[in-house]
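Taking it in order: structure first as structure tokens, then the write-up.
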Amino acid sequence: VDGPVGVAGAGFLLSLRSGFTGLLASKNEATYVRGETGDWLAKAEAPAFGGQLRVLGYDSENEVDAAAAAEREVDPAPYAARNTFEWHSRSFGAAWTGSFRGRTLRLQGWRAASDASAFWTRAPVALILGAKRRDEGALAALEHSDARATTVAGVRFERSRTSYDVGGYPALIPWSASVRLPIVSGFLQHARPIHSRLDLEVGASLAAAAGSVYPGPRARLRWKPWGESTLSLSYARLHQFAQSLRNPESVAGNIFPADLYLGAGAAAVPVGRSDQGVIAAEVRPWPGIRLGLQAYGRALDGLVLVAPRQGEPFATGGFAAGSGASRGLAIDLAASGTRYGVVASYGWQRVRLAYGDSSYVPDHGSTHVLEAGATVFPTATSSIRLGIAGALGRRTTAVAGAFEWESCNLLDQGCEFAGAPHASASPGTATLPHYLRVDLGVRKHWDVEIGGRNAWVALFGTVTNVFARRNVLTYAEDPASGERVLIEMRPRAPLVVGLDWQF
């Protein structure tokens, strides 16, 4: 719900959402994922103190539980009936922007908190996790603009408190760490044209944290050789002062995607660093046609890598400090007309993470990624959408132990996740088949009048994986035969239908 309030320029927005995983699933099938999720968002804006004041509040809560043993596996202990995951986050912020004498002043303040917990069973031990993060901060920035240039200078104060605790039942050496990390940083950015078709933007930041000082230079050069076409070169160095102890190579991330942050300095967590350079071009040869090209290279250092040391969904006693490198290129095309719209993109990348004398390709590092979509409007109130997605050169980390999985879909009345699969000690070594999916959707809306007000009602439906491609999520080892078993990524043709309205 949103609308104006009182004086001109004032308004509000309120959003509430709730969902229940496994609502339609059979109560007699333990393999179905169960739980609930919900969030709310509130925002208000109004003129104040000669400027514009905006406030924002957000809260999200998730609870999920899944069977700790697959149907073909004997339950190892009474406490292992269900794996449970909970994560909650809440944030509040305010920002004020005002202008005076050709300058713009921006003030911001925020407070954010997150909590995550898990009970994860892999015989003979049940793992108990608790992670917390509390952030507070303030920012002040002053911008000066004239006909020739724009300059922004500012200072930022932050305080982050993180803690991480993991124990076990009946026996596991507990591991815990916590840190309070204040961060003070200043930044300066300047942009100006150096020719009628050439713009230069340079900037730098300097952050004091974890007992050291971290400079972050950045620059971008943009050239318009003709018309609306542009060519740009950019470089940026970024730092990250908290890193997640979640294992991104674990298949449990499909139902427990929450990051588990721990600040730099605690348990030898390093400060992460990224150096990235990008060459990009955008060409608009005709009205309604856009072609984009991009090539990039990125070097990463000071990374927390959980997968080489842990097979569980999260770190239980240590991690590897490593580095990474990625390079790639991307091409995207967009075309639109009165009755149609088409987009297509292709990406090539080489991603590798390293630790010690070893390295691996992470789960997200597919070599080739293809996406395409088309929307056709047969009438002014209806549309047909076709989507294609593909990935080649995929890698994964195989799992050991009985495991049953099926993603959420209407035909099977829910999601299935059963077992406590343990990721291989050698991440990224399993090669997956090529991935290809075709989706088809239709939508029809009507304009109606309800109580003297105009309303908009739409009915839509989407069929995913129309050609029933057998796409693979990962491999698991059959405990009875020792053979490698394919774990399919999606059911053959999940269906989504829905109704929405606006008034």
Side-chain angles (χ1 to χ4, degrees), residues 19-38 61-88 116-130 166-170 172 246-258 260 310-314 316 396-424 472-492 494:
F20 301 91
T21 303
L23 180 66
L24 301 178
S26 170
K27 305 304 179 184
N28 298 322
E29 290 286 343
T31 59
Y32 280 95
V33 176
R34 306 190 186 280
E36 57 184 297
T37 179
E61 189 166 3
N62 300 269
E63 298 179 9
V64 174
D65 64 88
E71 290 182 338
R72 58 180 180 275
E73 183 182 46
V74 178
D75 201 343
Y79 58 77
R82 309 287 290 179
N83 288 322
T84 60
F85 307 95
E86 297 182 16
W87 62 102
H88 171 246
S117 62
F119 185 92
W120 174 260
T121 299
R122 190 173 68 86
V125 176
L127 302 175
I128 304 172
L129 166 75
V166 64
Y169 179 87
L172 180 75
R246 182 175 67 89
N247 184 357
E249 301 298 310
S250 171
V251 293
N254 288 283
I255 60 171
F256 185 43
L260 311 170
Q310 307 285 333
E312 310 302 345
F314 43 83
T316 61
T396 190
T397 301
V399 300
F403 176 46
E404 187 168 345
W405 158 260
E406 192 164 88
S407 61
C408 295
N409 71 98
L410 184 61
L411 296 181
D412 293 322
Q413 301 179 354
C415 326
E416 291 186 72
F417 188 106
H422 184 81
S424 167
V472 178
L473 173 68
T474 187
Y475 298 104
E477 183 177 308
D478 190 304
S481 64
E483 296 180 356
R484 179 175 284 186
V485 179
L486 299 178
I487 304 298
E488 293 189 18
M489 186 178 297
R490 279 187 171 275
R492 299 181 72 81

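We use all heavy atoms of the structure for the numbers below, so side chains are in, but hydrogens, waters and symmetry mates are not.
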Roughly how far apart are His88 NE2 and Glu61 CD, rounded to 0.5 Å? 5.0 Å
For Val33 and Glu416, work out which heavy atoms get closest and say how close. CG2-C, 4.2 Å
Determine the minimum heavy-atom distance between Gln310 and Asn247, stating which atoms define it. O-ND2, 3.2 Å
Contacts of Ser250 that satisfy side chain to side chain donor-acceptor pair (under 3.5 Å) - sequence neighbours left out: none
Heavy-atom closest contact (Ala126 atom, Thr121 atom, distance): CB-OG1, 3.8 Å
Which atom names give the shortest non-hydrogen contact between Leu260 and Ala116, and what distance separates them? CD2-CB, 3.6 Å
For Leu486, check side chain to side chain contact (heavy atoms under 4.5 Å, CB included) against everything at least two apart and list the hits. Arg470, Val472, Tyr475
Test item: Arg82 side-chain N/O and Ala30 main-chain N/O as donor-acceptor pair under 3.5 Å: yes
Of all residues at least two apart in sequence or in a different chain, which pass the salt bridge (charged side-chain N to carboxylate O under 4.0 Å, His left out) check with Glu86? none
How about Phe417 and Tyr32: are their ring centres within less than 6.0 Å of each other? no
Heavy-atom pair of closest approach, residues Thr474 and Ala398: OG1-CA, 3.9 Å
Ring pair (Phe, Tyr, Trp, His ring centres under 6.0 Å) with Phe256: which residues, sequence neighbours excluded? Phe85, Trp87
Are the side chains of Ile487 and Val251 in touch, meaning some heavy atoms are under 4.5 Å apart? no
Considering non-hydrogen atoms only, spot the tightest contact between Gly35 and Asp65 and give its length. N-OD2, 4.3 Å
Distance col, row Glu36:CD vs Asn62:CG, nearest 0.5 angstrom, shows 9.5 Å
If you measure from OG1 on Thr316 to CH2 on Trp120, what distance do you get to the nearest 0.5 Å? 12.5 Å
